[in-house]
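In each ligand, atom 1 is the first atom listed, and ligand 1 is the first ligand listed. None of the values given here were measured: they were computed from a predicted structure.
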Amino acid sequence: MQASQSQQLEMYRHMVTSRYYEETIAAIYMEGKTPKFDMANGTIPGEMHLSNGQEPVAAGVCAHLAPADVVTATHRPHHIAIAKGVDLDAMTAEIFGKKTGLSGGRGGHMHLFDTAVNFACSGIIAEGMGPAAGAALAMKMRKQKHVAVAFIGEGAANQGAFHEVMNLAAVWSLPFVCVIEDNAWGISVAKSGSTAVPHNDVRASAYGITGYRVGNDPLEIFAIAGEAIASARQGEGPCLIEVSTLRMAGHFIGDAEGYRGESEKASLAELDPIPIFRKRLLESAAKLSEAELEDVEKNARERVDLAVARARAAQEPAPEEALEKVFAEVDRG
Ligand SMILES: Cc1ncc(C[n+]2csc(CCOP(=O)(O)OP(=O)(O)O)c2C)c(N)n1
């Protein structure tokens, strides 16, 4: 499955929006946290995990999804939220802990939840597996042609939740796809120190399903994800995709990265998927022009700057409202 010119441009838009978004977040993050670093303080309270380098995964997979399809993501969620179409104003306000945020500022950057486009993420690794498979079970029972996609890290693929959910998703033949973002590190632990096999696609055979493996190339990810999502949507059961991607920054902002070799750090800029994709869009059959790409980049910057300005101006939530909506009454009709 090949991406059309407009799909390629859309993928580039998601990638540059996510990159500029995170550069902006990174620049703001230390506001209010100096001279003595206190994670709870500042314009953006809490931990911050950036996904720069991993943008192709979100862009290539989410290109095949509609708002009715469900996505669960991880503690490193911005690229996926943006590609799934989460409202940037409400997402930014949530990250800033503001009243206008997706959850009124209660969740922060690891707990973005947007029912409008069926997106959720969690700071608990592999936590999204169960809810995504549950959504897939509901879709199947309702005879809907939607799919659920759970994004997890390669570290999370060693959690019990991963194995249990993959097994039941296969037993029940659910419209479910698990995308493993293998960025080679689980905090400071290399994949070889946590995972018995070099690549997780082989684990698919343990569940009797198809496993795919692909590199950090948006067009190749688009092609593989297109096949996997179409087969899940057509009722052919779940599958697993592992993408060998790239964590360009530390585990979180503030990580000194003493565990990462100098040669690996030095090679990161050359592997940056955004300039590589940009060059390809100009040179390949897509034949996009410099002006078209600059327009996408300018629009992305303006959209991000607007979301940040709105989040800065938004009201702080009232402390006495903190527990409202935490325990919701469920209408079982
Ligand atoms: C159940 C659980 N155990 C431990 C942690 C602490 N923790 C946060 S991120 C992380 C590493 C995750 O690595 P990976 O899944 O590869 O994702 P990445 O950070 O590389 O995106 C761990 C162990 C957690 N959040 N949840």
Side-chain angles (χ1 to χ4, degrees), residues 15 18-19 21-22 25-26 29 39 46-62 71-84 95 107-113 119-133 149-166 177-201 203 213-216 221 240-261 264-265 268 271-273:
M15 287 169 63
S18 181
R19 179 64 61 89
Y21 189 74
E22 292 200 331
I25 293 280
Y29 184 69
M39 201 173 270
E47 264 188 322
M48 179 52 62
H49 310 82
L50 301 180
S51 62
N52 47 341
Q54 300 183 195
E55 297 93 343
V57 192
V61 172
C62 294
V71 162
T72 61
T74 71
H75 56 286
R76 202 178 295 289
H78 302 151
H79 57 320
I80 307 169
I82 287 170
K84 184 67 170 70
I95 292 172
H109 109 103
M110 287 187 270
H111 300 101
L112 306 171
F113 187 79
F119 176 90
C121 60
S122 170
I124 303 301
I125 67 167
E127 189 280 338
M129 293 289 294
V149 179
F151 288 79
I152 61 168
E154 88 293 337
N158 299 309
Q159 286 284 89
F162 167 78
H163 301 289
E164 293 175 34
V165 168
M166 288 316 302
V177 177
C178 177
V179 177
I180 301 175
E181 295 187 272
D182 173 13
N183 63 16
W185 294 100
I187 308 184
S188 55
V189 179
K191 191 183 191 186
S192 59
S194 67
T195 308
V197 286
H199 301 290
N200 279 302
D201 57 324
R203 287 177 163 176
R213 176 148 56 97
V214 62
N216 206 26
I221 297 167
L240 178 65
I241 306 171
E242 180 162 89
V243 185
S244 302
T245 185
L246 187 66
R247 196 190 81 195
M248 295 187 69
H251 172 68
F252 61 103
I253 295 184
D255 178 1
E257 288 190 270
Y259 52 87
R260 188 128 95 155
E264 185 184 335
K265 284 188 209 166
L268 292 175
L271 299 171
D272 186 340

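- Heavy atoms from other residues, nucleotides or ligands lying under 6.0 Å from CZ of Phe113 number 12 at most.
- Proximity to Gly123 (heavy-atom distance under 4.0 Å) selects the following atoms of ligand 1: 24 (C), 25 (N).
- Here Arg247 has no heavy atoms under 4.0 Å from ligand 1, in either its backbone or its side chain.
- Less than 4.0 angstrom separates some heavy atom of Gly155 from each of these atoms of ligand 1: 14 (P), 15 (O), 16 (O).
- Across Trp185, Phe252, Phe162, Phe151, heavy-atom proximity to atom 20 (O) of ligand 1 is greatest for Trp185.
- Of the options His78, Glu22, Arg19, a side-chain hydrogen bond (donor to acceptor under 3.5 Å, both in side chains) to Ser51 is made by Glu22 and by none of the others.
- Heavy-atom proximity to Gly153, at under 4.0 Å, picks out these atoms of ligand 1: 14 (P), 15 (O), 16 (O), 17 (O).
- Atoms of ligand 1 found under 4.0 Å from any heavy atom of His251, numbered from 1 in the order shown, are 9 (S), 19 (O).
- At a heavy-atom distance under 4.0 Å, no atom of Glu127 approaches ligand 1.
- Within ligand 1, the atoms closer than 4.0 Å to a non-hydrogen atom of Gln159 are 1 (C), numbered from 1 in the order shown.
- Annotation for ligand 1: atoms under 4.0 Å from non-hydrogen atoms of Arg76 are 18 (P), 19 (O), 21 (O).
- Of the listed residues (His49, Met110, Lys84, His109), just one forms a side chain to side chain contact (heavy atoms under 4.5 Å, CB included) with Pro77, and that residue is His109.
- The shortest N/O to N/O separation between Asn183 and ligand 1 falls below 3.5 Å.
- Remark: ligand 1 and Ile125 share an N or O pair separated by less than 3.5 Å (distance only, no angle test).
- For Glu154, heavy-atom contacts with ligand 1 shorter than 4.0 Å involve the backbone as well as the side chain.
- Protein heavy atoms are absent from the 4.0 Å sphere centred on atom 6 (C) of ligand 1.
- Residue contacts with ligand 1: Thr74 is excluded, as none of its non-hydrogen atoms falls under 4.0 Å.
- A side-chain hydrogen bond (donor to acceptor under 3.5 Å, both in side chains) with Gln54 is found for one member of Asn216, Thr245, Asn183 and no other, namely Asn183.
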